[in-house]
Trainee: 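I am attaching a structure below and will ask some questions about it afterwards.
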Amino acid sequence: MKILITGARGQLGYELAAALANLGTVVALDRAALDLANADSLAGTLRALRPALIVNAAAYTAVDRAEQERERAFAVNASAPGILGEEAKRLAAVLIHFSTDYVFDGAQTTPYDEDAMPHPLNVYGESKLAGERAIAASGAAAIVLRTSWVYSLRGSNFLLTIRRLAAQRDELRIVSDQQGIPNWARVLAHATATLVSYGIPHLVERAGLYHMSSSGQATWYEFARAIIGEQSKPRIVPIATPEYPTPAKRPAYGVLDTRKFERAFGIALPHWRAALQSCMSSPAEPPLAPTLQ
């Protein structure tokens, strides 16, 4: 089985390339090799490679910058997934695509299931929702996996930001009124590999929208406290969202209900605290570091 992974230098794509290495012939392409904003190149690459499975880990994830770069955010997060869906259908391939809790407005106070009405608050969330809908409209056999607060020991993310700032400052002021679930990219990649190991017919049979996430919930403040651990410095100070204004609005609540995913695939991801501890004690490179193309 030929497996195409997009976004191969991103924190999730890199982990996926390692996790899927033993399940087929993996072609892992980064943005230099495959720019999802280039529609013609995207379709041409897919037709040349003819993968049986497309795993789309590429995304425009700069939430605040997306407010000024709406066109590019929609090109990568909305138009490209639609093309991937259309080409997957043409090739009789399966598409696995990752989406986000930011499709919701955070007005709920109980976990969001897949039937909850999306209402994004920012351009990033709007573009990701448009991508979900474009995939559905393509008619492809696709599994769309919403997740949240992804981090790893690579790239740009909350874990690495907190570690960097902790070495520079005596005090960190962290938002304490937004709730979600932190997710280690390696855990998400291994869960995805388990899905793929079931085989293409299994994926086709269970095509649809799912919430895939670790269990538990946290605020950004609690996440930061867990990262810092027992260190006496820096001091972590909880603040309200208005005290840390950003160009893009964030949902106050983005906890995802994962029961549908667990029933369909028999997989339950670990509690976010357990995953974080494993991440912080692990090497930055996965056991099978991928060769990128």
Side-chain angles (χ1 to χ4, degrees), residues 10-12 59-70 72-74 76-77 98-112 116 118-129 146-185 188 213-214 216-256 271-273 275-277 279-280:
Q11 54 185 351
L12 180 54
Y60 182 109
T61 58
V63 177
D64 288 321
R65 194 164 68 239
E67 298 297 307
Q68 286 74 48
E69 296 184 358
R70 182 182 182 91
R72 180 164 182 83
F74 269 79
V76 175
N77 292 345
F98 297 89
S99 192
T100 173
D101 62 311
Y102 276 30
V103 300
F104 298 117
D105 60 13
Q108 283 192 192
T109 56
T110 56
Y112 284 95
H119 185 220
L121 298 178
N122 53 49
V123 170
Y124 169 68
E126 290 174 8
S127 67
K128 293 296 287 184
L129 179 59
R146 287 180 183 150
T147 192
S148 64
W149 295 19
V150 180
Y151 66 89
S152 74
L153 297 178
R154 296 173 54 85
S156 176
N157 58 70
F158 188 78
L159 168 63
L160 295 184
T161 297
I162 293 298
R163 281 185 159 182
R164 174 174 54 82
L165 294 177
Q168 300 170 352
R169 302 180 185 178
D170 292 328
E171 178 180 286
L172 301 180
R173 295 165 59 82
I174 308 295
V175 170
S176 62
D177 56 0
Q178 295 174 21
Q179 289 187 312
I181 309 174
N183 279 281
W184 183 20
L188 298 176
S213 175
S214 283
Q217 64 184 57
T219 64
W220 293 111
Y221 167 76
E222 290 168 333
F223 190 11
R225 286 288 302 269
I227 293 167
I228 297 301
E230 299 302 319
Q231 296 175 210
S232 58
K233 289 186 177 181
R235 188 164 66 97
I236 312 296
V237 179
I239 63 172
T241 294
E243 296 179 71
Y244 187 77
T246 56
K249 293 181 180 179
R250 266 76 167 171
Y253 186 86
V255 178
L256 299 175
H271 193 279
W272 72 265
R273 288 186 182 274
L276 177 62
Q277 289 304 311
C279 174
M280 292 195 299

Trainee: Any chance you could measure Y221, atom OH, to I236, atom CD1, to the nearest 0.5 Å?
Mentor: 7.5 Å
Trainee: Measuring only between side-chain heavy atoms, which start at C-beta, is P251 closer than 4.5 Å to Y102?
Mentor: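 They are in contact (side-chain heavy atoms under 4.5 Å apart), so the answer is yes.
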Trainee: Under the rule for side-chain contact (heavy atoms from CB on, under 4.5 Å), what residues qualify as partners of A59, not counting sequence neighbours?
Mentor: T61, N77, K128
Trainee: Can you tell me how far apart CD1 (I228) and CG (L165) are? Round to the nearest 0.5 Å.
Mentor: 9.0 Å
Trainee: Do W184 and L159 touch side chain to side chain, with heavy atoms closer than 4.5 Å?
Mentor: no
Trainee: Roughly how far apart are I162 CD1 and R169 CZ, rounded to 0.5 Å?
Mentor: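 One gets 9.0 Å once the value is rounded to the nearest 0.5 Å.
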Trainee: Can you tell me how far the SG atom of C279 sits from the CD1 atom of I227, to the nearest 0.5 Å?
Mentor: 9.0 Å
Trainee: Can you tell if the side chain of V175 reaches within under 4.5 Å of the side chain of D177, non-hydrogen atoms only?
Mentor: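 A side-chain contact under 4.5 Å exists here.
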Trainee: Using only atom types and a distance under 3.5 Å, with no angle test, would you say the side chain of S213 pairs donor to acceptor with the backbone of L256?
Mentor: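 No.
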Trainee: Please answer whether the main-chain N or O of S152 pairs with a side-chain N or O of N157 as donor and acceptor at a distance below 3.5 Å.
Mentor: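 Yes: the side chain of N157 pairs with the backbone of S152.
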Trainee: Side-chain contact, heavy-atom cut-off 4.5 Å: T100 with S148?
Mentor: no
Trainee: Assess the residue pair N122 and E67 against the criterion (side-chain hydrogen bond (donor to acceptor under 3.5 Å, both in side chains)); give the C-alpha distance rounded to whole Å, side-chain angles, the decisive distance to 0.1 Å, and a yes or no.
Mentor: CA-CA 7 Å; N122 53 49; E67 298 297 307; 5.4 Å; no
Trainee: Are the aromatic rings of Y151 and F223 close, with centres under 6.0 Å apart?
Mentor: yes
Trainee: Can you name the nearest heavy-atom pair linking Q217 to W272, along with the distance?
Mentor: O-NE1, 3.2 Å
Trainee: So do the side chains of F98 and L12 get within less than 4.5 Å of each other, counting heavy atoms only?
Mentor: yes
Trainee: Would you say that L172 contacts R235 through its side chain, given a criterion of any heavy-atom pair below 4.5 Å between the two side chains?
Mentor: no
Trainee: Salt bridge check, R250 against D105: does any charged N sit closer than 4.0 Å to a carboxylate O?
Mentor: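 Looking at R250 together with D105, the answer is no, because their closest N to O distance does not fall below 4.0 Å.
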Trainee: Decide side-chain hydrogen bond (donor to acceptor under 3.5 Å, both in side chains) for Q178 and T219; before the verdict, give the C-alpha distance in whole Å, the side-chain angles of both, and the deciding distance to 0.1 Å.
Mentor: CA-CA 5 Å; Q178 295 174 21; T219 64; over 6 Å; no
Trainee: Keeping the roles fixed (side chain from Y112, backbone from G106), state whether a donor-acceptor pair exists under 3.5 Å.
Mentor: yes
Trainee: Any non-hydrogen side-chain atom of R164 less than 4.5 Å from a side-chain atom of L160?
Mentor: no
Trainee: Measuring from R163:CZ to Q168:CD, what's the distance to the nearest 0.5 Å?
Mentor: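 R163 CZ to Q168 CD: 14.0 Å, rounded to 0.5 Å.
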Trainee: For F158 and W220, I'd like to know if the aromatic rings sit close, meaning centre-to-centre distance below 6.0 Å.
Mentor: yes
Trainee: Is atom NE2 of H119 surrounded by more than 12 heavy atoms (other residues, nucleotides or ligands) closer than 6.0 Å?
Mentor: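 Check fails, neighbour count at 12 or below.
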Trainee: So R146 and F104, do their side chains get closer than 4.5 Å, heavy atoms only?
Mentor: yes
Trainee: Could you grab the distance from atom CG of N183 to atom OG1 of T147, nearest 0.5 Å is fine?
Mentor: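 Taking CG in N183 and OG1 in T147, the distance rounds to 3.5 Å.
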